[in-house]
Amino acid sequence: MKIETVGVIGAGTMGNGIAQVFAAAGFPVVMQDLSQEALDRARATMQGSLARQVKKGVLTEAEADSALARITQATTLDPMADCDLVVEAIVERLEVKTGVIGQLDAICRKDTVLASNTSSISLTQLAAASTHPGRVIGMHFFNPVPVMQLVEIIRALQTTDEVAAAVTEATLAIGKTPRVSKDSYGFIVNRLLAPLINEAINCVYEGLATPEDIDSMMKLGANHPMGPLALGDLIGLDVVLNIMETLYSGFDDPKYRPSPLLKQMVHAGYLGRKSGRGFAHYAT
């Protein structure tokens, strides 16, 4: 099994980053979204990201232009029929993801690898939605995708060895570092990271210290490059809440209960950097 052509579903922050790194590594990429406006925004974002890499000397201008030229756009899933690997990077809702997997089953070859960029949903549940569950696997990229090195490769209970090996090889081909995990709610990174952010939010909720001081303590005392509250703002507090709710319901363990303040902030629309306000204020 060799992966040569790639499809990416979803033109948001993660989708455009995933498309960019595959294209920059020489893979022809089809990026799909229901909205042409979203696709246009994604292309502009990729142009800016590639320009920054040229400025830093990571890519030449010709390489950046070639990467962008390898990315075609689509507003339907039909072009995924020609892809060896399809990565979905859509909303973190089980029913939406399983619906897309069902559509891809009807469009793609039976040997096409179907990968999910989910940050916490069970891959075993997602694989069960496919008529060929052995081809379903997790490829959890991290934001910002062009910069972050890790790709968590999550093996569903049904994932075949051949699919896991092919995805590991493709991850190495795009210059990322693959690390494999068995399927479990939150996998490894988010199972450790989201509760840390959640507990920092509880410290704010209890009035123990200011957000600035909490982040400073973790940077100075634990040598973290970024405080947990600033990291929550970067990830998106709605995403953090979604992960905590998945952990809480999946493990049925009160240690994963989302902070009341986290819920309140998401309900208020204070989602972090993307909304302009979280535990700090940001220019939008």
Side-chain angles (χ1 to χ4, degrees), residues 10-17 33-35 38 41 45 88-100 116-122 125-126 138 140-145 148 152 184-218 224 226-284:
T13 300
M14 298 305 294
N16 71 59
D33 198 281
L34 295 175
S35 164
R41 283 197 305 268
T45 299
E88 68 82 7
I90 58 176
V91 63
E92 281 285 283
R93 288 169 52 192
L94 177 64
E95 68 275 14
V96 178
K97 291 182 183 294
T98 54
V100 167
S116 174
N117 183 56
T118 180
S119 58
S120 58
I121 294 173
S122 166
Q125 284 183 281
L126 294 179
H140 182 205
F141 291 82
F142 292 80
N143 185 33
V145 177
M148 300 296 282
E152 273 187 313
S184 181
Y185 298 104
F187 319 133
I188 302 298
V189 173
N190 280 334
R191 183 171 172 177
L192 298 174
L193 184 61
L196 170 65
I197 296 170
N198 189 62
E199 199 57 31
I201 295 171
N202 273 329
C203 290
V204 177
Y205 182 60
E206 295 169 18
L208 300 182
T210 65
E212 295 79 12
D213 281 348
I214 291 167
D215 275 357
S216 179
M217 290 175 194
M218 291 303 293
H224 288 193
M226 176 182 287
L229 298 169
L231 181 56
D233 279 355
L234 177 63
I235 294 169
L237 296 179
D238 53 336
V239 176
V240 175
L241 177 58
N242 183 280
I243 295 168
M244 290 306 301
E245 288 176 336
T246 299
L247 293 171
Y248 187 36
S249 63
F251 289 113
D252 196 24
D253 190 329
K255 74 179 180 181
Y256 296 116
R257 183 168 52 238
S259 169
L261 179 57
L262 174 59
K263 291 181 179 180
Q264 289 174 342
M265 292 186 71
V266 172
H267 293 159
Y270 303 158
L271 308 181
R273 287 181 179 270
K274 61 187 172 186
S275 70
R277 179 174 177 179
F279 287 98
H281 290 266
Y282 304 93
T284 56

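Starting from 1, each residue takes its place in the sequence as its number.
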Does any N or O in the side chain of [X] come within less than 3.5 Å of the main-chain N or O of [Y], such that one atom is a donor and the other an acceptor?
X: D238; Y: L271; value: no
X: E88; Y: I90; value: yes
X: D33; Y: A38; value: no
X: N16; Y: G12; value: yes
X: S216; Y: E212; value: no

Taking C-beta and beyond as the side chain, do [X] and [Y] meet within less than 4.5 Å on heavy atoms?
X: Y256; Y: T246; value: no
X: F251; Y: S184; value: yes
X: F141; Y: E152; value: no
X: T98; Y: L94; value: yes
X: Q264; Y: L261; value: yes
X: F279; Y: I201; value: yes
X: V204; Y: L229; value: yes
X: S120; Y: Y185; value: no

- Going through the checks in order, is the side-chain contact (heavy atoms from CB on, under 4.5 Å) test met by N198 and N202? CA-CA 6 Å; N198 189 62; N202 273 329; 4.0 Å; yes

With a 3.5 Å cut-off and no angle check, do the side chains of [X] and [Y] form a donor-acceptor pair?
X: Y248; Y: D253; value: no
X: T118; Y: E92; value: yes
X: R277; Y: Y270; value: yes

- Can you name the side-chain contact (heavy atoms from CB on, under 4.5 Å) partners of A89, sequence neighbours left out?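 A89 satisfies side-chain contact (heavy atoms from CB on, under 4.5 Å) with M14, I18, N117 only.
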
- Residue that, paired with P195, satisfies side chain to side chain contact (heavy atoms under 4.5 Å, CB included) out of M244, R257, K255: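 Answer after filtering M244, R257, K255: M244.
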
